[in-house]
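Note that the structure is a prediction, hence the values are computed from the model and not measured. All values below come from the heavy atoms of this structure, side chains included, with hydrogens, waters and symmetry mates left out.
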Amino acid sequence: MYRLWPTLMLTALLSACASSAPNADGENNTDKLHRAEQAYTDGLFVEAEAYYRELVNDNPALYQGWFRLGNIYARSNQLDAAITMYERCLELDPDQARAWYNLALVRTRQSLRTLADAEQRFSDQPADQRRLGALRERLVDALTAGQAEGR
């Protein structure tokens with residue numbers, strides 16, 4: 001049921017703001033949305049990305065489309081692009097808790113990656129490498145503290 005909710009919200013929004021007339025490709029936004037959601041659900045992220053891109057180009061205020069693009073980019077490890085999409089989603093609707101959550105996760109992944117890269121770069125400087133490694137470990141510990149307590 002939870003997975004169906006975004007589809008229903010997107011369909012309602014597109015039905016309200018888009019005509020049912022086909023676009024130049026002979027496909028209306030409701031059809032495109034259905035195809036985007038199906039591709040996303042099936043894990044066909046390249047295809048889903050293309051549909052969501054078209055949808056947000058046609059409907060720039062469609063925050064759900066920006067959110068899905070953020071998810072696609074996060075899953076494909078395109079973290080900068082994911083951040084841009086989540087931020088666009090939040091500009092349109094700052095009350096989207098899932099977008100805030102995913103944005104924080106992606107930025108955390110970036111932080112961990114940055115620290116790991118820095119540790120490697122300073123492998124010939126043990127004091128700096130230790131300091132960077134300690135910071136990375138503290139960040140990981142902070143992120144996993146609730147899990148260790150069974151939360």
Side-chain angles (χ1 to χ4, degrees), residues 1-123 132-133 135-148 151:
M1 177 67 179
Y2 181 72
R3 296 191 86 165
L4 184 60
W5 181 83
T7 302
L8 293 174
M9 290 299 295
L10 283 166
T11 303
L13 182 61
L14 286 175
S15 296
C17 70
S19 71
S20 60
N23 62 16
D25 298 331
E27 182 176 44
N28 66 36
N29 284 332
T30 304
D31 293 336
K32 199 177 297 178
L33 173 64
H34 176 72
R35 291 177 193 274
E37 285 294 310
Q38 188 62 53
Y40 184 86
T41 300
D42 292 344
L44 303 172
F45 297 122
V46 172
E47 184 178 329
E49 175 191 6
Y51 283 119
Y52 283 118
R53 277 279 175 204
E54 289 179 32
L55 284 165
V56 298
N57 285 337
D58 293 344
N59 304 290
L62 184 66
Y63 72 87
Q64 299 95 330
W66 297 105
F67 177 78
R68 282 286 202 228
L69 284 167
N71 290 350
I72 289 167
Y73 294 138
R75 288 173 185 240
S76 62
N77 217 24
Q78 299 175 62
L79 303 184
D80 291 336
I83 287 170
T84 300
M85 298 302 111
Y86 291 135
E87 287 176 342
R88 180 69 181 123
C89 172
L90 291 167
E91 286 172 11
L92 295 167
D93 188 352
D95 294 329
Q96 292 301 311
R98 289 173 43 212
W100 284 108
Y101 181 89
N102 289 2
L103 177 61
L105 282 176
V106 170
R107 285 188 170 154
T108 301
R109 284 173 57 190
Q110 279 186 322
S111 296
L112 290 169
R113 181 186 291 168
T114 299
L115 288 166
D117 290 347
E119 280 182 82
Q120 284 185 330
R121 180 167 184 89
F122 292 98
S123 62
L132 291 161
L135 177 57
R136 184 181 46 77
E137 288 176 20
R138 285 195 310 269
L139 180 56
V140 169
D141 288 346
L143 293 169
T144 58
Q147 294 172 358
R151 290 186 186 163

Problem set entry | Over 12 non-hydrogen atoms of neighbours within 6.0 angstrom of CZ in Arg109 | yes
Problem set entry | Asp42 side chain to Leu44 backbone, donor-acceptor under 3.5 Å | no
For this session: Rounded to the nearest 0.5 Å, what's the gap from CG on Asn28 to NE2 on His34? Could you check?
Result: 11.5 Å
Problem set entry | Donor on one side chain, acceptor on other, Glu37 and Tyr51, under 3.5 Å | no
Exercise. Atom CD in Gln78, atom CE in Met85: separation rounded to 0.5 Å?
Worked result: 10.0 Å
Exercise. Which heavy atom of Ala74 sits nearest a heavy atom of Ala82, and at what distance?
Worked result: N-CB, 3.6 Å
For this session: Check the pair Tyr73 / Val106 against side-chain contact (heavy atoms from CB on, under 4.5 Å), numbers first and verdict last.
Result: CA-CA 10 Å; Tyr73 294 138; Val106 170; over 6 Å; no
Problem set entry | Min side-chain heavy-atom separation Lys32-Asp58 under 4.5 Å | yes
Problem set entry | Partner residues of Thr108 under the side-chain contact (heavy atoms from CB on, under 4.5 Å) criterion, sequence neighbours left out | Leu112, Leu143
Problem set entry | Asp80 versus Gln110, side-chain donor and acceptor atoms under 3.5 Å | yes
Problem set entry | Spacing of CG belonging to Leu62 relative to CG belonging to Leu92, to within rounding of 0.5 Å | 8.5 Å
Exercise. Quick one: CZ on Phe45 to CD1 on Ile72, what's the gap to the nearest 0.5 Å?
Worked result: 7.0 Å
Seminar exercise, completed: Shortest non-hydrogen pair, Ile83 vs Arg107, comes out as CD1-CG, 3.7 Å
For this session: Please round to the nearest 0.5 Å and tell me the distance separating atom CD of Gln64 and atom CG of Leu33.
Result: 9.0 Å
Exercise. Say you draw a straight line from CG of Asp117 to CZ of Arg136; how long is it, rounded to the nearest 0.5 Å?
Worked result: 11.0 Å
For this session: Compare every heavy atom of Ala36 with every heavy atom of Ala48, then report the nearest pair and how far apart it is.
Result: CB-O, 3.8 Å
Exercise. Could you give all pairs that pass the ring pair (Phe, Tyr, Trp, His ring centres under 6.0 Å) test and reach residues 86-117, with sequence neighbours left out?
Worked result: Phe67-Tyr86
Problem set entry | Heavy-atom pair with the smallest gap, counting every atom of Leu55 and Asn29 | CD2-O, 3.7 Å
Exercise. Between the main-chain N or O of Ala61 and the side-chain N or O of Trp66, is there a donor-acceptor pair closer than 3.5 Å?
Worked result: no
